[in-house]
Amino acid sequence: MIWVNRSKIENPKLKIQGAAAHWRGMGDNAAALRTVQVALHERSYDILIQPGILGDAGPLAASRLKGRRCLVVTDRTVGPKYGPRLAGSLQRAGFDGSMAELPPGEGAKTLKVAEFLYDRCLDAALDRDSCLVALGGGVIGDLSGFVAATFYRGIAFVQVPTTLLAMLDSAIGGKTGVDHPQAKNAIGAFHQPRLVVVDPLTLASLPERELKSGLAEAIKYGVLDDAELFAFIEQHVAPLLAKDSAALAQVIERCAAIKARIVSQDEREQAGGPRALLNLGHTFGHAIEAATRFQSYLHGEAVAIGMCLAASLSVELQLLKPEDRGRIAALVAAAGLPTRLRRDDPDTETLYAACFKDKKVAAGGLRFIVAERIGAAKAVTDVPAELVKRVWEAGRE
Ligand SMILES: NC(=O)c1ccc[n+]([C@@H]2O[C@H](COP(=O)([O-])OP(=O)(O)OC[C@H]3O[C@@H](n4cnc5c(N)ncnc54)[C@H](O)[C@@H]3O)[C@@H](O)[C@H]2O)c1
């Protein structure tokens, strides 16, 4: 644990207001501040996207929070790279607190680690007006959000995502939680952040495989909701893979806007609500992850294969044109992601059985999100088992 210097510095409120006014006037360029609002009445919040914004996170958080005590939660990969800038900014904005660095990876998303963080919250003397700040990927965001949801029956939290997946997906929407030894994300709560601060420059250090995994989710948004976004990714796949910050910022903004709109309409993923559409590729993808014991594929890679399988199912159900399935698979491949299962992956029966372990299996049977065209999706149930198995079988190298 690294303690942030406890000395109080000037209140930067006036400075922030000036900066915000300046940002609003900027055009659509790489350096511009992009603001997406998640409209949820009293739980509404902003997603602020801008290269370099990490250094302004403190004042931006201060203007939205009552208290000035915080615990920054990060991991040992991200903390040393970006922790000092974030902590310095928080400190200059008058925050007082500490930073907890956890081991990186999914292994930290447990109740045991949550308990460790409750201890750190108490050590840092957090009160009900204090906040947690999650600096890292989806693991840190989900875990910190869960601790924030439960500590003193719920305190504020701010998301500072540093993976592409977290920036355009997991940091938005308030799903928080930890894993149970028998089931991923089994213990959790809906708890919306007060602010999401996205600095695409932090992606500079993200391993290529993690970047591609995040791109899978971006492609997913294109398929389920936004044909223009899909075409943009098709046309800019090379700059996106090269981490061009203008291209990345545009994709993050567009995906964040889709997620914000869907979450605003259906915060808690009600039966039949639009939030379920975000699970395109996930019934297959989660089964792949579970059947391979989370060892073979990153989440986005499993979703990439799952999306191709969902597209095949959509063609089988005569909802999607085969050429659109071809476009989806071609873009997944161009993004350096797998489109098919490997020959030595678990067999079809094992994968089919794994579909039923997903906590999102609707009462009464499997539910798949299928594409009707690029840019539109819907949920289907009662898909014959033979058809699903045929799709699994055909989706192998
Ligand atoms: N809450 C939601 O709505 C939601 C949605 C999708 C996924 N998730 C969850 O998100 C998690 C996966 O998130 P993830 O893909 O971000 O993985 P992650 O948080 O494990 O991060 C991946 C790796 O990248 C490293 N890393 C992060 N940022 C970095 C940076 N800028 N530079 C260098 N290294 C960096 C991390 O240390 C880690 O080793 C899963 O637990 C999944 O269940 C949640």
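All ligand and atom numbering here is 1-based and tracks the order in the structure. Residue numbers start at 1 and run along the sequence shown. Quantities reported herein were computed from a predicted structural model and do not represent experimental measurements.
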Visitor: Could you please spell out the steps behind the side-chain contact (heavy atoms from CB on, under 4.5 Å) verdict for Leu48 and Val198?
Guide: CA-CA 6 Å; Leu48 304 178; Val198 179; over 6 Å; no

Visitor: Give the protein residues with at least one non-hydrogen atom closer than 4.0 Å to an atom of ligand 1, ordered by chain and number.
Guide: Asp75, Thr77, Val78, Tyr82, Pro104, Glu106, Lys109, Gly137, Gly138, Val139, Asp142, Thr162, Thr163, Leu165, Asp169, Ser170, Lys175, Lys184, Asn185, Thr202, Ser205, Leu206, Pro207, Glu210, Lys259

Visitor: Applying ring-ring contact (aromatic ring centres under 6.0 Å, His included), which residue pairs with at least one partner in residues 243-274 are found, sequence neighbours left out?
Guide: none

Visitor: Can you tell me which residue pairs pass the ring-ring contact (aromatic ring centres under 6.0 Å, His included) test with a partner in residues 119-167, sequence neighbours excluded?
Guide: Phe157-His191

Visitor: Restricting to pairs with a member in residues 384-397, which pass salt bridge (charged side-chain N to carboxylate O under 4.0 Å, His left out), not counting sequence neighbours?
Guide: Glu316-Arg390, Glu349-Lys389

Visitor: Should the heavy atoms of other residues, nucleotides or ligands under 6.0 Å from NZ of Lys243 be counted, would the total exceed 12?
Guide: yes

Visitor: On the 0 to 90° scale, with breaks at 30° and 60°, tag the His236-Phe232 ring pair as parallel, tilted or perpendicular.
Guide: parallel

